Amino acid sequence: MLRGARLAAVLGLATTASLGLAGCGQSGRSEAESACHHVTTALRLYAQAGYAQAGPGASPAAANHDRAAAQGQLRTAAPLAALAATKSTQWQALATSLGEVGHVPTSRILPSVAQQCRAVATNTPPPPAPATT
């Protein structure tokens, strides 16, 4: 009886370990896609902010709200991109660019992450991250 319980425990541990290791081979694509979903939302919000600032019935308060929401979306995307980069170096540029959120103006980050997310969407290798100064 004890021998059967021990065997079951060893088999359970081996199964758990193999499932954990199976996750190590993932490409990080799903995390990159999730990050890019937030980037797409940020792009939409940032465009809305420009319209709210200069469009008919301009509202600086609405523009500020949209810009803050866009930056929040980019902050949400950053750890997802970082997780993707831990699984595959092909997501390193996206993670690096999103890592600059809060340090570099959103208007300077959005063009590069938009380009990198287009590469994710089309399943092509992402371009290198542009140098930020």
Side-chain angles (χ1 to χ4, degrees):
M1 178 83 167
L2 186 58
R3 187 176 188 148
R6 205 176 292 163
L7 179 61
V10 168
L11 287 175
L13 184 59
T15 302
T16 302
S18 67
L19 289 174
L21 289 174
C24 292
Q26 294 176 344
S27 68
R29 174 162 292 287
S30 64
E31 291 84 359
E33 288 172 344
S34 293
C36 287
H37 173 75
H38 290 286
V39 168
T40 300
T41 302
L43 286 164
R44 181 183 50 76
L45 288 164
Y46 201 76
Q48 273 179 220
Y51 184 78
Q53 184 74 38
S59 169
N64 288 339
H65 178 268
D66 289 342
R67 276 193 290 276
Q71 191 167 46
Q73 288 293 315
L74 293 175
R75 282 193 177 117
T76 301
L80 293 167
L83 181 58
T86 65
K87 294 181 178 185
S88 174
T89 57
Q90 81 181 90
W91 312 119
Q92 191 65 51
L94 179 62
T96 300
S97 295
L98 286 169
E100 294 297 318
V101 172
H103 305 289
V104 175
T106 304
S107 61
R108 297 204 41 187
I109 292 173
L110 281 174
S112 64
V113 294
Q115 181 182 20
Q116 291 156 358
C117 284
R118 278 191 296 278
V120 171
T122 60
N123 202 21
T124 58
T132 56
T133 56

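Since this is a predicted model, take the numbers as computed values, not measurements.
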Nearest heavy-atom pair of [X] and [Y]: which atoms, and what distance?
X      : Y     : result
Ala114 : Leu43 : CB-CD1, 3.8 Å
Ala85  : Ala95 : CB-CB, 3.8 Å
Gln73  : Ala42 : CB-CB, 3.9 Å
His103 : Gly99 : CD2-O, 3.7 Å
Ala84  : Trp91 : O-CD1, 3.2 Å

Are any of the side-chain heavy atoms of [X] and [Y] separated by less than 4.5 Å?
X      : Y      : answer
Arg29  : Gln90  : yes
Leu94  : Cys36  : yes
Leu98  : Val39  : yes
Ser27  : Lys87  : no
Thr106 : Val101 : no

Could you state whether Val113 and Val104 fall into the same hydrophobic cluster, counting links through intermediate Ile, Leu, Val, Met, Phe, Trp or Tyr residues with side-chain heavy atoms under 4.5 angstrom apart?
-> yes
Under 3.5 Å, side chain of Ser59 to main-chain N/O of Ala62, donor-acceptor pair present?
->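 Judged by distance alone, yes, a pair lies under 3.5 Å.
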Between CD of Glu31 and CG of Leu83, what distance do you get to the nearest 0.5 Å?
-> 4.5 Å
Interatomic distance, Glu100 atom CD to Ser112 atom OG [nearest 0.5 angstrom] = 9.0 Å
Distance only, no hydrogens: is a donor on one side chain within 3.5 Å (strictly under) of an acceptor on the other, for Gln71 and Arg67?
->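 No pair is found: no donor N or O on one side chain lies under 3.5 Å from an acceptor on the other.
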Residue that, paired with Leu45, satisfies side chain to side chain contact (heavy atoms under 4.5 Å, CB included) out of Leu74, Thr40, Asp66 =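 Only one of Leu74, Thr40, Asp66 forms a side chain to side chain contact (heavy atoms under 4.5 Å, CB included) with Leu45, namely Asp66.
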For residues 66-111, pull every pair meeting disulfide (SG to SG under 2.5 Å), keeping only residues two or more places apart or in separate chains.
-> none
